[in-house]
Engineer: 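What follows is a structure written as structure tokens; I'll ask about it next.
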Amino acid sequence: MSFLRRWHRASILACLISAFALPTSHAADQGPVLIGLDADMSASTALGGEAIRRGAIIAIEEINRTGGVLGRPFELVVRDHRGNPDRGIDNIAEFGAMEELVAVLGGVHTPVAMAEIEAIHEHEVIYLGPWAAGTFVVENGNEPNFVYRISVRDEYAGEFLIDAALARGYKNPGLLLWQTAWGRSNEVAMKGALQRRGMKPAAIEWFNTGTKGVGKQLEEMMRSSADVIMLVAQPDGATTVMRDLAALPDSERLPVIAHWGFTGSAFHDDAGSALDAVDLTFLQTFSFFAPPFADRADRVMKSYCMQFDDCDGPASIFAPTGTAHAYDLVHILAKAIEAAGSIERSAVRRALDALKRHDGLVRVYEPPFTPHNHDALGPQDFRLATYDRKGVIVPLDLP
Amino acid sequence: MTSTAAPASLISRTLWRVLPAIVIVQLVIGWLAWTAMQDLVSTELESRLHRQAEQYAALIAVKLETVIGTATSVAENDLIVNGIMDAEGRDQYIPVFFETAQVSGLAEADAEITLADYKGRRIASNRQDVDYSDAAWLPRVLNGEVWHEVRNRAFTVAAPVMIADQGEGLIVIRYEAAELARLVTVPARADAIAVLADASDPIYSSNPAFAGLSQADEDGRPDWAVMSAGIPGFEELRLLAAERRAKAMATVDWLGLYLGAAMLSSIAAVVIAIAATAYMGTRPVHSFIDNVEQITRTGDLGQTIKIEGTREFHRLAGAFNRMLKSLKSTTASRDALQKLNAGLAEANEALDHANAELERSNRELDDFAHIASHDLKEPLRAISNHANFLLEDYSGKLDEDGEKRLNRLIKLSHRMETLIADLLFFSRIRKGEIEEESIDLNAIIADIEVSLADMMRQRNARLLIPRPLPTVTAAGPHMRTVFQNLITNAIKYNDSEEKIVEIGVDENQNAAAGPVFNVCDNGIGIEDTFKTDIFRIFKRLNSEKAYGEGTGAGLTFVKKIIENQGGKIWLESTPGEGSAFYFTLDGASA
């Protein structure tokens, strides 16, 4: 797998860079400060995990180049949960046992993050989520709450997607949801959004991981007179939906406004020609094509292209949201560590809650987090995007 | 020592000769059939058990494969796959999924079904306290292999839940001993079915009486016939099908009884058939015998044998009746036959008496001839001697006439002796007196010619034999006497300058009677009136002065010898030209 090879090379390179960048101090003798990455690195959303890893690497490289944190370099430790919550839980336990580990970057997707909540808090591992939108990932009821997120929050996504549907003139959205915590989170969000608008979903249909077809669900959509499908799906599910939709006659082929769950994968290649037949738009938070801060985006782009051989411009950044979110999270973590003066997790957690500002790639975080709000992004950070003919994610409102 | 017991009847003799062989053959056939039946039944039993074992094994394999298929299907079910991903919500639906009929058959079988995570830890199960973390097969299953084993009397199937080409969890279905026994239970026609795993106790046995099995029992036990078959796809399992030998062989036992009864019936049938056949065969024989005995008693050839019975007896009786008829028609009656036999007997008796008289007469004649010869010769010899004495003693005292008379007396005495000798010789000429033998007549004549050489030279006589004479069976001395007398007469009574005597044989003249010999000469011949007299004893047709001395008995000897030989002699003669004497030797007539 080319990404893994690149990942290995980048890791080694990062380690070498970090080693040369370290100031000769007592802190350097303590070794690196570990940041864990618990993401799908090999399964259906491996591109998302890789995107996150790349964003973290770029940030770590920048931080280490300036002396690291507390005089110690950052080092990224990667564990592959393959989208399997049980693996994620074990990874968290492993990370939690690492004494020099301060935080764990999460990966795609919400079901894993949700499963890891207990372990996160058992081991008091700071969880930084760049790509898990489930509302209750952050709103997990724990106190203190070790989960922080620069990512979509379904509660907001629901509002945003329903508004997007209504803005496009659709009046009877049907919900087609993945039968997981994430799907259920979006059910609550979208139903809430519709309810606040005095509406109800035309239909709420579910599908399971590994489903071979959603024909019955689409029939139900048609039977319920849905005029748009609000899709919350992982890559395999989204591919199945696209193919089944493309197989329908034009009159029955509903447009799809989707969450972002399939964007960190080979979905575009897998769905293939079906995407030519289906009107698909989906949620994104960041694009290198229209970054809110061009200079920061350019700098990160250059670093990206220096680090990774497959980079030849923004179009080659396959999952920009994951990369950007991870980039910002690592920088924020570094600030928190510096502010805490320690890598002790609780101290760092408190520092995270106390940070005042960070000028990130995605936005200016002012503050990134508060003790009662561990979600750094809001609906204003959301946009719709689509795939161009080459499979590049481009914002819909791209001039 | 000759047995005097009555001979055995046809029935008993046939039975004693045939029955033992039949019994032996029946016993041998019966034993062979019994053995063959046993082998057949045993082979059929083993074949049937083998088929059953294979069928049951296949059936159990299907059942076990169904469980494997169920595990695989469940692992592929999107609800289960989703359950791997949906850690938060799976507890809501996975247990329900396990507990419902969605997992076909498992609820009824009370089998364990477990969804485990990628480390074998229980996610959901209808059992508590299940954990496959230490299962040796876990890595293989997570690599995508559907695995199964029977161990410690439990059947375990593990199928991976594959996500993105890797096992992210697994479905485990497990049948413990009791459930496994129910799973492998099949309706069996055999007396006992047992399923073995490894060398352990049977997982399942349909018959408690067939308990205590081990793989060693696959070779069979005395009381059970056992056949085994591997369960396809499950090398660790073997199925044994067994049947009680006694039950299987019960049929053979009944067949044996039937066979024995059939053999006894067969023997009895043979005995009855032999007896009936013998009776049917001998009844016409007895009737025939009775008829013959009656004919014998009565002598009535007019009776006929009753024609009855088989075709052979019909032929026999018919032939016998024809024989009786032929006897009756071609021979005299019994009385005539008896009279004829009596006459023949009297004639034979008279003939015997006559032969006895003849023999006595011959003996008396021989005695008389011998005595007479001796008695006659004695005085003649005395006369001759006295005459010689007188001549010697008184030769000077007797005148010429007196000497002449004494010489005449001596000569007459000698002549008388010669006549007596010839008479004696004549009396002894009888057939059988001298042993007959095969005689070469050429050799006899050659010998006669030698003995007459001086005479023939003096008289200028020549003996001719145009072709060789045959060999005859006769007395040699008698044949010599015949030819010598005929040759001597032919020379003596011949005035020809060259006296020719020709001896020949004519084969063609009355060939059935044998050859006709001839002695021909060119002598003085014999007139017809004397052709009979010349054969009288002592008869001379010419004086001694004219043609020399002789008693005149020679031709008499020749005639008697020839007639004793069964032949006949005759002559043809022309006075002054010669004579031809013809004779046969075997009763032939000219």
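Atom set for the values below is all heavy atoms of this structure, side chains included, hydrogens, waters and symmetry mates excluded. The sequence lines fix the lettering, A, B, ..., with proteins before strands; numbering per chain opens at 1. Bear in mind the structure is a predicted one, so any value in this text is a computation, not a measurement.
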Engineer: Taking only residues two or more places apart in sequence, or in another chain, which ones meet A/Asp80 in a side chain to side chain contact (heavy atoms under 4.5 Å, CB included)?
Structural biologist: A/Asp40, A/Met41, A/Ser42, A/Arg82

Engineer: Chain B: which of A/Gly83, A/Ala115, A/Gly88 shares the most heavy-atom pairs with it under 4.5 Å?
Structural biologist: A/Gly83

Engineer: Sort B/Ile123 into side chain, backbone, both or neither according to what part of it lies under 4.5 angstrom from a heavy atom of chain A.
Structural biologist: side chain

Engineer: Salt bridge check, B/Arg90 against A/Asp86: does any charged N sit closer than 4.0 Å to a carboxylate O?
Structural biologist: yes

Engineer: Can you confirm whether B/Arg121 sits close enough to A/Asp90 that some side-chain heavy atom of one is under 4.5 Å from a side-chain heavy atom of the other?
Structural biologist: yes

Engineer: With a sphere of 6.0 Å drawn around CD of A/Glu118, does it hold more than 12 non-hydrogen atoms of other residues, nucleotides or ligands?
Structural biologist: no

Engineer: Are there residues of residues 155-171 of chain B that reach to under 4.5 Å of chain A by heavy atoms, and which ones?
Structural biologist: B/Ile163, B/Ala164, B/Gln166, B/Gly167, B/Glu168

Engineer: Please list, in residue-number order, every residue in residues 177-191 of chain A that has a heavy atom less than 4.5 Å from any heavy atom of chain B; write 'none' if there are none.
Structural biologist: A/Trp178, A/Gln179, A/Thr180, A/Ala181, A/Arg184

Engineer: Whether the side chain of B/Asn82 engages the backbone of A/Thr209 through a donor-acceptor N/O pair (distance < 3.5 Å, no angle test) should be reported.
Structural biologist: yes

Engineer: Report, by ascending residue number, the residues of residues 132-140 of chain A in heavy-atom contact with chain B at a distance under 4.5 Å; give 'none' if the set is empty.
Structural biologist: none

Engineer: Which one of B/Val81, B/Asp117, B/Asp78 has the most heavy-atom pairs closer than 4.5 Å to chain A?
Structural biologist: B/Asp78

